[in-house]
Amino acid sequence: MLPYTDEAYQLMHDGAIALARVESNGIRIDTEYLRKTTHRLRRRITHLQNKIQTSEVVERWKRKFKGKFTLGSTDQLGEILFGDMGFECTERTATGAYRTSEECLSRINHPFVKDYLKIKKMSKTLNTYLLGIRREVVNGFMHPFFNLHLVKTFRSSSDSFNFQNIPVRDPETGQMIRQAFIARPGRRIVEADYSGIEVSIAACYHQDPMMMKYLSDKTKDMHRDMAMECFKLSLEELTPADKSDPDEVKRAKTIRYCGKNMFVFPEFYGDWYIDCARSLWNAISSMDLKTRDGRSLYVHLREQGINELGDLNPKEKPRKGTMERHIQKVEQDFWTKRFPIYDHWKKTWVKAYRSIGYMLTKTGFICQGWLKRNEIFNYPVQGAAFHCLLRSLIHLQRKLKKYKMKSLIIGQIHDSLVSDVPDEELDDFLGLSREVMVDDLKDDWDWINVPIEIEAEVTPVDGNWFQKEEMKIG
DNA sequence: GCCATCGGCGCG
DNA sequence: AAAGCGCGCCGATGGC
């Protein structure tokens, strides 16, 4: 993929300059917090490492590998657990080795495995994040690196330290890391995100009427609807009756999350029912999914006639009464009944690419060369979605300067802007963000004929990144 | 000591 | 017919 129109070239040019400014601004780091936390985490890891030394598994390990116990060797771990100790291996890697991912190991009920997983998680946090940040801090600031020329779709990337994969989904890890990122004195960290930008941009290409309805009608919720279908739940089950009950809100949110990230997005990216069925089924135990009255979704599904996952064998027709069969049906409905125009667009788009040998994206990039089917319909969406964000970054930075504001853009994560904003500028900044990210964008790019929305999260004055909370933009 | 690959895992 | 898009970083491993 390459910039093709003058406008696309200009976007890359202005984008590179704008990102250089973001890098130069930098992010304030709480170095004292970082030092203490690193120390504490190191001690916790050492403690657990000492604890497992007496385990029968380590004894076996040393006997098998000439007295050497290399905790980080996934090959050796697989040989011991699945090869020697007889635990059931549910999945192999690409090269045929026993897979030892958290997903696979969590099925094993053994104290060593539990400690092993804890050590792995803490080591990742320590080595990749805490020490990674430490390495980059100069005079209390970290200056991230953003690349604009490395990604196949002309998205951006970030490296050494990667600012675009900081933990957030697991609150415990997220807190430990994000507390290190702090606002400058008298300021707040503000994060402004596009909501569902890739879904919206995809709709600009395919124009599916049902998708248009989902995007324009705020009472509709595609992810919730698909979660309902996947788990055979009623609307009431996913609508917390008592919104002040945090457990009930969290329960509904978790199930919706599964519909979104284990069915809808995978399907959009070109996945199929076999993998969706597997992850949805596993999520019931790993994420402890329950009905409103506290019954496991396994029990609920059994009442609905679904007793097991199924064989997941692509060569055979899924059997009745399996999750596999159910999700196959949900997938069929999804593409033939719910989004037939989207489905049709994918087919014709792929066909056209293969026949003429190139494609042009909405933002003026040309894409050529041998691509797999899924890449053909994903690249133009991913690229153009990011270009919306990049355009916003450039123009927000210009307007901040024009109005002599002190707010600084300090980072960018594919569909979001991270800024450092003086308390007294907060309202102006949020208004300006909306103006640039939504109104100006739609004025400039008339191919965007779907609703675009942003959300903002804001920390307290002098707060840290973990303290961000949603704020209405008014 | 450098480099590439693999498995694993963090993010959008 | 094929069967999840895009990244970067870590440790282990093996070749040079």
Side-chain angles (χ1 to χ4, degrees), chain A residues 1 65 68 70-78 91-105 116-117 119-133 135 144-148 150-170 173-174 176-178 191 193-199 201-202 260-279 312 314-315 328 331 346-347 350-351 354 371-386 389 411-416 418:
Chain A
M1 190 143 119
F65 296 101
K68 279 213 165 136
T70 311
L71 186 70
S73 171
T74 52
D75 288 352
Q76 293 180 12
L77 178 68
E91 220 182 315
R92 300 276 183 154
T93 69
T95 54
Y98 302 113
R99 186 174 291 285
T100 58
S101 61
E102 198 257 330
E103 169 86 54
C104 293
L105 294 184
Y116 170 85
L117 288 174
I119 295 171
K120 281 288 280 229
K121 195 173 184 95
M122 290 193 286
S123 303
K124 171 103 180 166
T125 304
L126 176 69
N127 296 319
T128 305
Y129 298 104
L130 295 180
L131 295 178
I133 297 166
R135 222 171 20 237
F145 297 94
F146 295 106
N147 314 297
L148 215 40
L150 297 180
V151 181
K152 287 189 279 186
T153 59
F154 271 87
R155 233 196 197 188
S156 67
S157 71
S158 170
D159 58 22
S160 26
F161 163 94
N162 182 351
F163 184 72
Q164 293 177 323
N165 73 345
I166 299 168
V168 66
R169 296 174 194 171
D170 170 33
T173 317
M176 203 180 301
I177 314 284
R178 284 169 184 253
E191 214 176 325
D193 311 48
Y194 280 112
S195 11
I197 188 75
E198 283 203 25
V199 175
I201 296 308
K260 174 182 172 184
N261 291 310
M262 297 171 186
F263 185 81
V264 176
F265 279 143
E267 287 291 339
F268 285 168
Y269 291 144
D271 205 354
W272 64 331
Y273 69 95
I274 289 195
D275 291 322
C276 293
R278 181 191 288 116
S279 36
L312 305 181
K315 290 182 188 126
Q328 184 187 38
E331 179 185 65
K346 282 205 217 174
K347 286 175 182 146
V350 170
K351 210 174 160 189
R354 295 207 164 137
L371 295 183
K372 286 188 270 191
R373 169 186 170 274
N374 291 344
E375 293 169 338
I376 296 171
F377 57 75
N378 280 319
Y379 283 11
V381 175
Q382 185 185 94
F386 170 69
L389 191 276
Q412 161 268 129
I413 313 168
H414 308 304
D415 66 351
S416 74
V418 185

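Chain naming here is simple, since letters A, B, ... match the order of the sequence lines and numbering starts at 1 in each.
Within 4.0 Å of A/Ser156, counting heavy atoms only, lies no atom of the nucleic acid at all. Counting non-hydrogen atoms under 4.0 angstrom, A/Ser158 reaches the backbone sugars and phosphates but no base. Contact annotation for A/Lys152: backbone-only contact, meaning every heavy-atom pair under 4.0 Å involves sugar-phosphate atoms and none involves a base. Contacts of A/Thr70 with the nucleic acid, taken as non-hydrogen atoms under 4.0 Å apart, involve only primed sugar atoms and P, OP1 or OP2. A/Ser160 comes within contact range of the sugar-phosphate backbone alone, with a heavy-atom separation under 4.0 Å but no base atom that close. Contacts of A/Glu375 with the nucleic acid, taken as non-hydrogen atoms under 4.0 Å apart, involve only primed sugar atoms and P, OP1 or OP2. Using a 4.0 Å heavy-atom distance criterion, A/Glu267 is classed as making no nucleic acid contact.
Shortest non-hydrogen contact noted between A/Phe154 and A/Met1 is CE1-O, 2.8 Å. Across every non-hydrogen atom of A/Asn165 and A/Tyr129, the tightest pair is O-OH, 2.8 Å. What you find for A/Leu105 and A/Thr100 is that their closest heavy atoms are CD1-O, 3.5 Å.
Per the geometry, CZ belonging to A/Phe265 stands 11 Å off C1' belonging to C/dC5, to the nearest Å. Protein atom CZ of A/Arg278 is 11 Å distant from nucleotide atom P of C/dG4, rounded to whole Å. Rounded to a whole Å, the OH atom of A/Tyr273 is 15 Å from the P atom of C/dA2. What separates CD1 of A/Ile201 from P of C/dG6 is a distance of 19 Å, to the nearest Å. Atom P of nucleotide C/dT13 and atom CG of A/Leu71 are separated by 11 Å, given to the nearest angstrom. One interatomic measurement links the two molecules: NZ of A/Lys347 to P of C/dA3, which rounds to 16 Å at whole-angstrom precision. For the pair A/Leu77 CG and C/dT13 C1', the interatomic distance rounds to 16 Å; values are reported in whole Å. At whole-Å resolution of the value, CG in A/Leu150 and P in C/dG8 are 6 Å apart.
Between the side chains of A/Ser156 and A/Gln412, at least one donor N or O sits under 3.5 Å from an acceptor N or O.
For the pair A/Tyr379 and C/dG6, the criterion of a side-chain N or O lying under 4.0 Å from OP1 or OP2 is met. For A/Arg135, a side-chain nitrogen or oxygen approaches OP1 or OP2 of C/dC10 to under 4.0 Å.
Separating the CG atom in A/Leu131 from the CG atom in A/Leu126 is a distance of 4.5 Å, to the nearest 0.5 Å. A/Asn261 contributes atom CG, which lies 6.5 Å from atom CZ of A/Arg169 (distance to the nearest 0.5 angstrom). Note that CD of A/Glu102 and NZ of A/Lys121 are 6.5 Å apart. Values are rounded to the nearest 0.5 Å. Atom CD in A/Gln382 sits 5.5 Å away from atom CD in A/Glu198 (nearest 0.5 Å). For the atom pair CE of A/Met262 and SG of A/Cys276, the computed distance is 10.0 Å after rounding to the nearest 0.5 Å.
For A/Lys124, the listed nucleotide lying nearest its side chain is C/dG8; candidates were C/dG6, C/dG8, C/dA3. Closest approach to the A/Ser73 side chain among C/dT13, C/dG4, C/dG8 is made by C/dT13 (side chain taken as heavy atoms from C-beta onward). Set against C/dC5, C/dG8, C/dG6, the side chain of A/Asp159 has C/dG8 as its closest nucleotide.
A heavy atom lying under 4.0 Å from DNA chain C marks the following residues of residues 161-170 of chain A, by number: A/Asn162, A/Asn165.
When the nearest nucleotides of DNA chain C are assigned to A/Ser279 and A/Arg373 by heavy-atom distance, the more 5′-ward of the two goes with A/Arg373.
Between chain A and DNA chain B, the heavy-atom contact criterion of under 4.0 Å yields a 5' to 3' nucleotide range of B/dC6 to B/dG12.
The aromatic rings of A/Phe265 and A/Tyr269 lie parallel to each other, with less than 30° between the two planes, well short of the 60° mark.
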Bracket notation of DNA chain C in which parentheses pair within the strand, [ ] cross earlier pairs, and | pairs with another strand (Watson-Crick or G-U, under 3.5 Å): ....||||||||||||
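Side-chain contact between A/His414 and A/Ile197 is absent, with no heavy atoms from C-beta onward closer than 4.5 Å.
Formation of a donor-acceptor pair under 3.5 Å by the A/Thr70 side chain with backbone atoms of A/Ser73 is not found in this model.
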Could you please spell out the steps behind the salt bridge (charged side-chain N to carboxylate O under 4.0 Å, His left out) verdict for A/Glu375 and A/Lys346? CA-CA 11 Å; A/Glu375 293 169 338; A/Lys346 282 205 217 174; over 6 Å; no
